[in-house]
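One structure below.
In each ligand, atom 1 is the first atom listed, and ligand 1 is the first ligand listed.
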Amino acid sequence: MKNEEVIVIDFGGQYNQLIARRVRENNVYCEVLPYSKANIDEIKAMNPSGLIFTGGPNSVYDEKSPHIAKEIFALGIPILGICYGAQLMAYTLGGRVETAPTSEYGKTVTSFNCSSVLFKGIPSESITWMSHTDYISKIPDGFKTIANTDVCPIAAMECPERKLYAVQFHPEVNHTEFGKVILRNFVKDVCGCRGNWVMDSFIDNAVAELKEKIGDKQVILGLSGGVDSSVAAALLSRAVGKQLTCVFVDQGLMRKDEGDFVEKTFTKLFDMNFVRVNCAEQFYQKLKGVIDPEEKRKIIGEEFYKVFWDEIKKLAGSNAYFAQGTIYPDRIESGAGASGDKAGSSVIKTHHNMAKPPKDIKFLGTIEPLKDLFKDEVRAVGEKLGIPHELVWRQPFPGPGLGVRIIGEITAEKVKLLQDADYILRDEMQKNGYENQMSQFFCVHTGAKAVGVMGDHRTYESVIAIRAITTDDFMTADWARIPYDILATVSGRITNEVKGINRIVFDITSKPPATVEWE
Ligand code: XMP
């Protein structure tokens, strides 16, 4: 049976990963390909079930804007153009695109011709999300208009005989009320996909491929205890058992008892060699006196890799593969997968994700068993492999750990205070059933000291902040409304149980203007 696949051709729009995720929600494998790599011969060779052209910031009349060979529309492969992709289809096939005096932006009432297969099963009027200035003013020959808004006469068009469809709005975002149905109609009814891409078959295939590739050789994996590297470890363990060695660097900046939990999980539940390197003191020494956030990040990152590669040098002969938990968005964000064009996105904070082994360590090759999966798919695989729920559903935790949650100099005492306070917050959120209600919540050591009173004495102790957010994508976030009574209990417990803290504050800032982490 042919493996069904839809390819998203990326013209630089901001929601392109989301389109791929939406397609995969229909159990159809989907990849994002930058338009610059969308070579006709390669596409023919890939023989996809369908193509989706994304939105993008350009105008089709701009010479420098991305275009695509007209031939692609004649391959017989179903195509859905979205926003810029729709305009590109219209323009390339002889229609007309014009620039409107004002942009159409936001939630827009849209009328649909529901006799089109694309709009099967949706009401004739609903909300879509628009974000465009150019618009299609004349459809190409052979096309029919199938949706419109008050200001956009051609909000969608189709030529079913050639399996070409185009929508000016964004079906992939949640604001488009029936966007998921529209994408499903395209994938299932236009492309004819049945949806045979499921996680069970992913695991079986991945394990077979890993066995075949690794043979009798060794594999070394850097395990951080985060979701991605944990799932990669579990998958590799299933494939090659003791041929896998996981290296876990405990740099003393993890949450309370986390290192022990990771060690217990992977030594008790999975078959592998597990090496834990405890190097907290070394990190605290390096961080002594450092207060600049970027400098701290740099030191923590560099030191981590130094310890990590030193350990690996001890283990790796020339007969080992290097494995890591890279996932699909990492590849896209690093420019390896999609548009590769990060222009304009200025660096707010440095985050590191994919590691390159140094030149003096020779591996047989790199293995990235999760490189094609989105986060929610990685979690689904993790659950099926038997990783504990709390690890699979772990909140994001920054690479530099508590290092970016302690403002100012990092010391062992501050780490301990923060770990104890943070543990109480997590404990109360869990007891009250709030642990899965928010995207992220944690404590921050503000570095500030405040005056307090205890009995007859004046105190001068640390101020801890509680940070909690809700978000879909971590690019923007709202502060989470933790109920007052939970906040009250947490505050009472922290100030009573953790010596050295006399004041708790609650961070009520959204992102932007703040970021999620304090540093
Ligand atoms: P910010 O603070 O940038 O956080 O709004 C957005 C998300 O990224 C996480 N984060 C990091 N993750 N290394 C990481 O791997 C980092 O240096 C880092 N800084 C922030 C943060 O926890 C949130 O989920």
| request: Have a look at ligand 1 and work out which part of Pro400, if any, has a heavy atom under 4.0 Å from it: side chain, backbone, both or neither. | output: side chain

| What part of Gln395, side chain from CB on, backbone N/CA/C/O, both or neither, has a heavy atom under 4.0 Å from ligand 1? | neither

| query | Which ligand 1 atoms are under 4.0 Å away from a heavy-atom of Lys511? | reply | 1 (P), 3 (O), 5 (O), 6 (C)

| message | Quick check on contacts: which atoms of ligand 1 are under 4.0 angstrom from a heavy atom of Pro396? | response | 24 (O)

| task | For Asp228, enumerate each residue passing the side chain to side chain donor-acceptor pair (under 3.5 Å) test, keeping only those at least two apart in sequence or located in another chain. | result | Lys375

May I ask you to establish whether [X] and [Y] are in a cation-pi arrangement, using a distance under 6.0 Å from NZ or CZ to the six-membered ring centre and at most 45° from the ring axis?
X      : Y      : result
Arg405 : Phe442 : yes
Arg255 : Phe397 : yes
Arg24  : Tyr328 : yes

| note | Filtering Arg297, Met475, Glu294, Gln440 for the heavy atom nearest atom 23 (C) of ligand 1 leaves Gln440

Kindly confirm or rule out an N or O of [X] lying under 3.5 angstrom from an N or O of ligand 1.
X      : result
Arg405 : no
Gly399 : yes
Pro398 : no

| message | Tell me every residue that passes side chain to side chain contact (heavy atoms under 4.5 Å, CB included) with Thr470, counting only those two or more places apart in sequence or in another chain. | response | Met438, Ser439, Asp478, Ala480

| field | Modelled atom types, side-chain donor and acceptor of Asn502 and Thr459, under 3.5 Å | value | yes

